[in-house]
There are 2 protein chains.
Amino acid sequence: MSAAQTGTSEPARRATMGDIARHLGISKAAVSYALNGQPGVAAATRERVLEVAQEMGWHASSSARALSGSQTQVVGLVLSRPPDLLTTETFFMRFLAGVESVLSERGWSLLLRVIGDHPADEMATYERWWGERRIDGVILLDERYRDPRVDLVERIGLPAVLCGGPVKGVGIPCLWTDQSGDAGLVVQHLADLGHRRIGHVAGPGEFVHERARRRGLRRAAAALGVEVVTVEAAYTGPESEEATRRLLTGDAPPTAVVFGSDVMALGGVRTAAALGVRVPQEVSFVSWDDSQLTSLVAPRLTALQRDTPAFGRLAATVLLDAVAGRRPVRIQVPPSVLVARESSGPAPA
Amino acid sequence: MSAAQTGTSEPARRATMGDIARHLGISKAAVSYALNGQPGVAAATRERVLEVAQEMGWHASSSARALSGSQTQVVGLVLSRPPDLLTTETFFMRFLAGVESVLSERGWSLLLRVIGDHPADEMATYERWWGERRIDGVILLDERYRDPRVDLVERIGLPAVLCGGPVKGVGIPCLWTDQSGDAGLVVQHLADLGHRRIGHVAGPGEFVHERARRRGLRRAAAALGVEVVTVEAAYTGPESEEATRRLLTGDAPPTAVVFGSDVMALGGVRTAAALGVRVPQEVSFVSWDDSQLTSLVAPRLTALQRDTPAFGRLAATVLLDAVAGRRPVRIQVPPSVLVARESSGPAPA
DNA sequence: AGCGGTTGCTGAACGGGGTAAGTAGATTTC
DNA sequence: GAAATCTACTTACCCCGTTCAGCAACCGCT
């Protein structure tokens, strides 16, 4: 019967530094110096230690290391959005993949919590993780107005990086996106195609980046003599369908609609199909987030594309810098690129 | 300047049991008994300890606890699929959410690694995590033929649960799906609608569950006098588009197609649109996995629906049992339900 | 008074690493 | 030739929570 079958009742003995020391007849300290590349051991001894460690399949106990070194080499991430959104929206997975690539490259790990849309739980999780010394830092996604998470991490001294809209006056490192610039790309694209009345199915206004997008769209539109009508919806298909329906069936419907996410844009496509409105002949659609999904539907969606895995990599890198004690930085992520596909075309005459 | 700004250079002092003991003028041991609900302390003392602990914001150091208790209360999960697939396929997020709900309920955490399709990396990760005492168990997704991960976890004594096709003769707990039963649902549905020639765009045959599906489809079809043609493709949109094109443009094209995943089914929809083949009037589509995506496209897809979060919850529960030393079980997950939507209809005359 | 039993606590060791301080022995320096 | 300096180690203690053995003080019982 294997150890796996009996679980903890027959725990597998894993080698420790003490085992190596005993095997070679030297002290634990010498083994430690040898394994960590520290001076103070003869080259020959070091070699024998490394050999035996390899042979015994030795790995440093993360607990022991954390206990003495006070670093866990673990980064925390809480995904707090309504469950159905998390599972539909591919942003999180793409971001996660980027974060992970940096972490695993440096031998760090990611502690993940998936919770519903309960800000209190999110805060409690950070506090507990930090209190229990489980993590060395956290990535904060989706900045909100007067975000209480910023106060929390500053108060308890938890290194963090804030990913969100343009941020002012917070003492932690931030990644911000130029939503105005991105808005300009969309409006320009649609204006070039002759559209003069643009609908905007926006995500919840509690998020800093959503407000920034609305501002950006208004300004860009004003500069080009275009009108923008914003309607707000949750980041879900059904809510977006409903919002799109309101836009397209109202008085003076827009000839183009911008959606706050790929999932919302897909909802829009469904509504257009249901109403018998052809895309892009009668209405043009643009998604404010690109993913494989936008290419999986017909017509393929014109979308603002940004390198989300790169965003995740950047977040991880900045966080590791913060953990290492670097002064907080404020970094602008590379601007999006507008990928024109089949869902946007000339405005109807 | 806050501690967060200076990172490790000014580490936040977090309270320890020693602090509580000193503050109350009692021993560390008494504090430990009080905090853990152990006998050996007077009720009044216990109360004072808990009060002070609360006041100081004390949390047990997970490292110290793991070091003496030899449990980390952490479960590992490696997602190893091509990056673009992980980010498109919503299965993983839904599964993850289910796993997480059980873990967080019991105060456990999830250590996540996202890697490309490199089985060797996956194995190395398990070995390292276990060697470093970072985890108490792992969830193995997507069983393959002669899966080397099973040998590994049995050899090193790492508690695990295997999620995959029907499994025989492995010594670790397994969750298996009755793919034959599910296949029967699909074939029956299509046969009832008059289809006599069914296409099957299947995922890679290296996965146990994919082979089981093919077998199940063949048997169910034979029993009902229906023909099945299987073509294999990777779990991606483009590959599925291509496979669908081969099926629909070949000699004697099928009147219905079953797809191995929701993403593949969306690829099929695009191909049908591109070829001008109407769904469901000219060809019916069924997806062998349901998600929000299937309702986001037009037409909405008929799909085999299973409760993926519940699957994740079950996996977590079984793993925690295994960690606790329970004998390995083999559990069948509840069968899928066929949700008929707009993409399947009567066979064309 | 003497005995066993319970209650409520303390001291010490342990787990597995890291590291400052100390110490032989060999080598260099003046 | 004595002193200073290296080299290659060892000893000892730290991190923090758990746990075992020990020990007074107090209880009721004979």
Side-chain angles (χ1 to χ4, degrees), chain A residues 8 11-50 52-53 56-74 107 128 130-134 136, chain B residues 8 11-50 52-53 56-73 107 128-134 136:
Chain A
T8 52
R13 265 279 300 157
R14 281 163 280 180
T16 72
M17 280 186 2
D19 297 334
I20 300 175
R22 213 171 313 114
H23 186 263
L24 289 172
I26 59 177
S27 71
K28 256 178 33 178
V31 173
S32 173
Y33 293 140
L35 290 171
N36 293 306
Q38 303 267 56
V41 259
T45 311
R46 185 187 303 273
E47 213 165 293
R48 278 189 305 148
V49 169
L50 292 174
V52 173
M56 291 185 167
W58 178 86
H59 290 269
S61 152
S62 59
S63 318
R65 209 166 239 175
L67 194 55
S68 75
S70 72
Q71 259 216 357
T72 59
Q73 316 237 82
V74 174
R128 214 184 123 204
W130 181 238
E132 293 179 347
R133 287 80 154 172
R134 279 193 190 279
D136 295 331
Chain B
T8 51
R13 266 277 303 157
R14 281 163 279 181
T16 72
M17 280 188 0
D19 296 334
I20 300 175
R22 212 169 315 112
H23 187 262
L24 288 173
I26 59 177
S27 68
K28 260 179 26 180
V31 173
S32 172
Y33 293 140
L35 290 170
N36 292 305
Q38 303 267 54
V41 260
T45 311
R46 184 186 305 274
E47 215 165 291
R48 279 189 304 147
V49 169
L50 292 173
V52 173
M56 292 185 167
W58 177 88
H59 290 269
S61 151
S62 59
S63 319
R65 211 167 237 174
L67 194 54
S68 72
S70 72
Q71 259 215 357
T72 61
Q73 316 239 85
R128 215 183 123 206
W129 276 352
W130 181 239
E132 293 179 348
R133 286 81 156 171
R134 279 193 190 279
D136 294 331

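Protein chains get the first letters and strands the later ones, always in sequence-line order, with residue 1 at the start of each.
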Margin query: Among residues at least two apart in sequence or on other chains, which ones pass side-chain hydrogen bond (donor to acceptor under 3.5 Å, both in side chains) with Thr72(B)?
Written below: Asp136(B)
Next item on the list: May I have the distance from Glu132(A) (atom CD) to dG17(D) (atom P), rounded to whole angstrom?
Entry: 11 Å
Notebook entry, point to check: Phosphate oxygens OP1/OP2 of dT18(D): is one of them under 4.0 Å from a side-chain N or O of Asn36(B)?
Noted result: yes
Notebook entry, point to check: Are any of the side-chain heavy atoms of Val49(A) and Leu35(A) separated by less than 4.5 Å?
Noted result: yes
Note to self: Using five pairs at each end of the helix from dA1(C)-dT30(D) to dC30(C)-dG1(D) to define an axis, what is the angle between those two axes, to 10°?
What the structure shows: 50°
Check: Given dG17(D), is OP1 or OP2 found less than 4.0 Å from the side-chain N or O atoms of Trp58(B)?
Finding: yes
Checklist line | nucleotides 8-13 of chain C: protein proximity per nucleotide (B base, S sugar-phosphate only, - neither; heavy atom, under 4.0 Å) | finding: BBBB--
Notebook entry, point to check: So, is Gln38(B) near the phosphate of dT18(D), with a side-chain N or O under 4.0 Å from OP1 or OP2?
Noted result: no
Check: Does Arg14(A) make a cation-pi contact with Trp58(A), if we ask for NZ or CZ under 6.0 Å from the ring centre and within 45° of the axis?
Finding: no
Next item on the list: Check side-chain hydrogen bond (donor to acceptor under 3.5 Å, both in side chains) between Glu132(A) and all other residues, then give those that pass, not counting sequence neighbours.
Entry: Arg128(A), Arg134(A)
Note to self: Looking at Val31(B), is its backbone amide N or carbonyl O close enough to the side chain of Arg46(B) to form a donor-acceptor pair, meaning the two atoms are under 3.5 Å apart?
What the structure shows: no
Next item on the list: Specify the separation, in whole Å, of atom CG of Leu67(B) and atom P of dC14(D).
Entry: 16 Å
Notebook entry, point to check: Arg133(A) has an atom CZ; how far is it from atom C1' of dG17(D), in whole Å?
Noted result: 10 Å
Check: Quick one: is Arg65(A) getting a side-chain N or O under 4.0 Å of the dG16(C) phosphate, OP1 or OP2?
Finding: no
Checklist line | Whole-Å gap separating C1' (dG17(D)) and CD (Gln73(B)) | finding: 13 Å
Margin query: Check the phosphate of dC14(D) against Ser68(A), side-chain N and O only, distance under 4.0 Å to OP1 or OP2. Yes or no?
Written below: no
Item checked: Residues, nucleotides or ligands: over 12 heavy atoms within 6.0 Å of Gln38(B) CD -> yes
Item checked: Any residue meeting side-chain hydrogen bond (donor to acceptor under 3.5 Å, both in side chains) with Arg65(B), in chain and number order, not counting sequence neighbours -> Asn36(B)
Notebook entry, point to check: Base, sugar-phosphate, or nothing: which does Ser32(A) touch, judged by heavy atoms less than 4.0 Å apart?
Noted result: base
Next item on the list: Scan residues 16-40 of chain B for pairs that pass salt bridge (Lys or Arg N to Asp or Glu O under 4.0 Å), counting only residues two or more places apart or in two chains.
Entry: Arg13(B)-Asp19(B), Asp19(B)-Arg22(B)
Notebook entry, point to check: Roughly, in whole Å, what's the span from CZ in Arg22(B) to P in dG17(D)?
Noted result: 11 Å
Item checked: Rounded distance in Å - CG (Leu35(A)) to C1' (dT19(C)) -> 15 Å
Item checked: Protein-nucleotide distance (Gln71(A), atom CD; dG18(C), atom C1'), rounded to Å -> 14 Å
Item checked: Crowding at NE2, His23(A) (>12 non-hydrogen neighbours, <6.0 Å) -> no
Next item on the list: Using whole Å, report how far CZ of Arg14(A) lies from C1' of dG16(C).
Entry: 12 Å
